[in-house]
Structure formats: C-alpha cells, structure tokens
A.B. asks: 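After the structure tokens below, expect a handful of questions from me.
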Amino acid sequence: MIFVKNGPLKGCVTVPGDKSISHRAVMFGALANGTTEITNFLHGADCLSTIRCFRQLGIEINNQASSDTVTILGKGLYGLRKPDQTLDVGNSGTTMRLISGILCGQDFAVTLTGDESIRRRPMGRIIAPLKQMGADIESAMSNHCAPLLINCTADKMSNLNDMLTGIRYQSPVASAQVKSCILLAGLYAEGETSVTEPYISRNHTELMLSQFGAAIRTKGNTVTILPGPYLEGRKISVPGDISSAAYFIAAGLMVPNSEVLIKNVGINPTRDGMLKVCKQMGADLTLDNIRDDGGEPVADIVVRHSELKGIEIGGDIIPTLIDEIPMISILACFAKGKTVIKDASELKVKESNRIDVMVENLTKMGADITATEDGMIINGGKPLHGATIESKLDHRIAMSFAVAALMAEGDTEILNAECVDISYPNFYTDLKKLYQSH
Ligand code: S3P
C-alpha cells in the first residue's frame, strides 16, 4: 500500500474497543456462570482468535459482524470441554498466554499453536511458573516456544490432590500476559497464588476478574488471587483502545495545523504512559469528559500540532506504553534534540523485533536512529523521505509508518499493510477521513 505526505488532520475519530479488555471479557465470560454481554468489542483478528478457541472449548458465543456486541454463555470454572482439534491462537500472544493458564486447570489434554510469529515468541516465561504450580505443560519442539502440549488430567498432575498448587512467583519481566496466565491458573490451585513484578504491568485482569467475583488483591507490585470463586456473568462495556488512539495522537502532534478529537479512550494509569510522555515532550494535549466506564477510566483526548522536544524514557513507565514505542520513536524524529528509550528490551519479543524493525525502517527514511541493547536513541530534526517499509506482518509497525508517511517527502510503500487487521481493521479509512474531510 502506498502513502504520501498529507495533512493537516482535522476532526473527530472514535477508536475501536480495547484489545486487552476484549480478550479478557471473552475468557472470563466463558468461565463465569450465565450470560456475559460485551459492548464495543474489538472485532480484530486477535480477539476473533480468542472467540474461536473458546468455541472449540464448548462455549456458545454470539458474535454478529454487523454489531459490536458479543454474548457469551458461560459455563462456570469447570464447564469447558476437550476440543476436537489443536487450538490455534493465530498471531495473538494474549490468547496463547492467558488461555494456557486456564487450560492447566482442566481435566483434559490440549495442544496450542499459532502462526509463524507466535511460534517464535518466548513461552518459557509461562511454562516455568505453570510447572512450579504442578502443571504438565511442555514446548513440543523443546525450544520454549509453541506448540504447547498441556495435559493436566488427574494422572499427570504432580500434586497428589490432582490440583495445581498456589505459588508466590517473582516474575523476571513486567508482563501482563505472564501475570494474567499465573493468576488464571491460580483460580484452579490449592491455596493462594501471587505474582510480583519488577514494575506494574496493565491491570485489566485484576479489575475485570474481581468484578466477575474473584477474590484478588493488589499490594504494591504484588497481585494475589484465591482459588475457586463463583464467577457470575455480567455486562461489560469496552473502552476505546489507547494503543490505537496513539497513532492519531502522534499524527495530530506531528502534522502542522492539525487538531484532532479522539473520543472514548481508555486512560487506565497502567496504560497511559504515552500521554505522559507526549506532555513531557511539550504536546498540546488535553483530556476532556473524564469518566468511569464499568471500572475503567475513560476520556476524550484533544491534540493539536505542537513543537516537541526530545526526552529520556525508561524505568517503570515502560510497561505503561510498551505497545506505543514504535509510534513514539517516530514522534521523536520530529522532536528537537535527543530522545533516549531504555529498559525496553521486551520490544524484541513482540510480534516482531520492534527495536530492529523500527531502526531499519526509519534509517531507510532518513532518520538519525540507533538501536541499543534495550531500546533506541533518536536525534530528532532530520527530515524523513519515503521508502519501502517492511511491516514484518506487525500491525503496530504498519500503523506507525502510515503516520510517518504523512510527514515524508515522496512515496512510502508499506509491505503487508493489511496486517492492521490484528487490532484495527478500519485504521486506514479512519486515518484518511481526518485529512480528507475538510
Ligand atoms: C497485553 C500485554 C502486553 C502487550 C500486549 C497485550 C495484554 O504484552 O504488549 O499487546 O493484553 O496482557 P506483555 O504482557 O508481553 O508485556
């Protein structure tokens, strides 16, 4: 797909539902008793993978393409049935890691796989703690990656009571997928299960599971869950995804004379690092109409073109903006001075190696950017020109460069641009509307 310099961006956009929250709503609805009705569900390929897997596990899910409401007929913690086939999570790390925790609590064997990218991503980070809990979970190729073989039937359990055992896990990484996986296994364990993270990662599991009726408490960087709750189906309204809003925030700030209103965006403090970073860089960004939407804070965001300055980004803010770093690194190309992004080595194990892919592509466009062990250094101010961009089938890379293209001289060609389907199927149409509607 070819993109050219364009702008200004004017007007209003409503981003689709949050990906992390949509996944969890399906999963927890399946484990609850009775009906869960999800509004503003994200119909991206990743969340559809979660729906497909839970259907294979015997859950009735009503999902009409014409509506953004999804209904789950939950069967309780022990209501899943053995699937006829291997479960395929597609490109979705959240599906793979969270469902693994749930499947370790089931009395049937199952195999989990996914696409080429997911089969390269590290699963040792969930295999190790799940094994400590007594689960029988193996990497089929013994390479700490999927396919994963899970067999927690009674004769395979290492605990004499046929149950998982609660653990106190000190996670080496700040990862909501790892944390959530262990907490979900904790629903099926004997005794308490707790996870301590080096920095706090997104807390949607904690917030939503407790609304369904689970006993969860958070103290500092430690989350603890009690087993065997009675979970009850409920209504869930999914806020707009701040990770999708990030592209319009950046575009509004970068392109001269732009002013964009982004409506109904989730601003959970474990996700709002991009807003803080933009403000620190000097952005004209305001939050209006701040409200609570079913336990998650939500706001409308107004951004106007701004002169930005480079800053240092690292430490505990990183998990709160981890998916926005590709976009932030492009923003830094238009800021005055140097931006240093550090403590972000997790970027190497996302849908692509996002440090290498950003540095390679931005270098092709003329940026002054260097990869480091745990991030990148960008010297802003060099004009960008069009180039051929390898998205590596990574949705966040494709969307970030569609925004960069608005500021680049000449054609920018994005290869496999359709991969935005993973989290934002209408992204290009929504972006275009902002520069064509005036
Ligand atoms: C997610 C957690 C993050 C994030 C991913 C979604 C989640 O991954 O990058 O897009 O829904 O829990 P990690 O937990 O691996 O950091």
Side-chain angles (χ1 to χ4, degrees), residues 16-28 41-42 44-47 49-50 89-102 114 117-118 120-129 144-146 169 171-184 195 197-209 221 223 238-239 241-247 266 268 270-274 296 316-328 343-355 357 374 393-400 419-420 422-424:
D18 188 275
K19 180 157 81 73
S20 294
I21 296 176
S22 296
H23 279 300
R24 285 159 173 80
V26 172
M27 294 183 185
F28 306 166
F41 180 80
L42 169 64
D46 270 8
C47 298
S49 292
T50 293
V89 305
N91 191 245
S92 175
T94 306
T95 313
M96 171 74 77
R97 296 199 177 105
L98 270 61
I99 212 173
S100 295
I102 295 170
S117 150
I118 207 87
R120 268 185 273 120
R121 295 181 67 186
M123 294 300 150
R125 54 180 59 194
I126 57 162
I127 295 174
H144 310 290
C145 294
Y169 190 65
S171 179
V173 282
S175 159
Q177 293 178 357
V178 171
K179 173 175 65 178
S180 304
C181 167
I182 299 167
L183 294 175
L184 287 166
V195 184
E197 302 186 276
Y199 300 125
I200 298 170
S201 64
R202 66 191 66 191
N203 65 357
H204 306 301
T205 294
E206 297 89 301
L207 294 180
M208 197 191 291
L209 252 190
N221 293 9
V223 185
V238 181
D241 198 326
I242 191 166
S243 298
S244 299
Y247 306 102
N268 179 315
T270 63
R271 294 285 299 282
D272 71 351
M274 164 109 179
E296 291 276 352
D316 59 1
I317 200 169
I318 293 294
T320 73
L321 48 67
I322 189 73
D323 291 339
E324 289 67 76
I325 292 179
M327 191 66 261
I328 291 172
D343 305 320
S345 50
E346 276 295 297
L347 291 174
K348 296 179 184 170
V349 292
K350 295 295 178 190
E351 286 84 329
S352 67
N353 178 334
R354 289 183 178 160
I355 296 181
V357 176
D374 63 350
L393 294 169
D394 183 335
H395 55 133
R396 303 217 182 275
I397 300 294
M399 289 189 274
S400 300
C419 64
V420 303
I422 290 293
S423 63
Y424 197 159

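Atoms within a ligand are numbered from 1 in the order they appear, just like the ligands themselves. This structure is a prediction, so every number in the text was calculated from the model and none was measured. Positions are given from 1 along the sequence.
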A.B. asks: Hydrogens and angles aside, do E197 and N221 bring a side-chain donor and acceptor to less than 3.5 Å of each other?
C.D. replies: no
A.B. asks: What is the minimum heavy-atom distance between S180 and T205, and which atoms define it?
C.D. replies: OG-OG1, 2.8 Å
A.B. asks: Evaluate side chain to side chain donor-acceptor pair (under 3.5 Å) for S20 paired with H204, printing each intermediate quantity in order.
C.D. replies: CA-CA 7 Å; S20 294; H204 306 301; 4.9 Å; no
A.B. asks: In chain order, what residues pass the side-chain hydrogen bond (donor to acceptor under 3.5 Å, both in side chains) check against E346, with sequence neighbours excluded?
C.D. replies: R125
A.B. asks: Less than 3.5 Å between some nitrogen or oxygen of E346 and one of ligand 1, yes or no?
C.D. replies: no
A.B. asks: Can you name the residues that form a side-chain hydrogen bond (donor to acceptor under 3.5 Å, both in side chains) with S175, not counting sequence neighbours?
C.D. replies: none
A.B. asks: Which atoms from ligand 1 have a heavy atom of T94 less than 4.0 Å away?
C.D. replies: 1 (C), 6 (C), 7 (C), 11 (O)
A.B. asks: Measure R202 to ligand 1 on non-hydrogen atoms and call it side chain, backbone, both or neither using the 4.0 Å cut-off.
C.D. replies: side chain
A.B. asks: Heavy atoms only: give me the nearest P319-A174 pair and the separation to one decimal.
C.D. replies: CG-CB, 3.8 Å
A.B. asks: Answer side chain, backbone, both or neither: which part of H204 comes under 4.0 Å from ligand 1, heavy atoms only.
C.D. replies: neither
A.B. asks: Determine, considering heavy atoms only, which of R121, K350, R24 sits nearest to atom 16 (O) of ligand 1.
C.D. replies: K350
A.B. asks: Taking N or O atoms only and a 3.5 Å limit, does S20 qualify as a polar contact for ligand 1?
C.D. replies: yes
A.B. asks: With a 4.0 Å cut-off on heavy atoms, is K179 touching ligand 1?
C.D. replies: no
A.B. asks: If the cut-off is 4.0 Å to any non-hydrogen atom of A176, which atoms of ligand 1 fall inside it?
C.D. replies: 12 (O), 14 (O)
A.B. asks: Consider every N or O of V178 and every N or O of ligand 1, then say whether any pair is closer than 3.5 Å.
C.D. replies: no
A.B. asks: Atoms of ligand 1 less than 4.0 Å from D323 heavy atoms?
C.D. replies: 4 (C), 5 (C), 9 (O), 10 (O)
A.B. asks: For atom 1 (C) of ligand 1, what's the nearest protein heavy-atom neighbour? Residue, atom name and distance, please.
C.D. replies: Q177 NE2, 3.5 Å
A.B. asks: Could you tell me whether some N/O pair between S175 and ligand 1 is separated by less than 3.5 angstrom?
C.D. replies: yes
A.B. asks: Heavy atoms only: give me the nearest E324-S243 pair and the separation to one decimal.
C.D. replies: OE2-OG, 2.7 Å
A.B. asks: Salt bridge (Lys or Arg N to Asp or Glu O under 4.0 Å) with K19: which of D241, D46, D323?
C.D. replies: D46
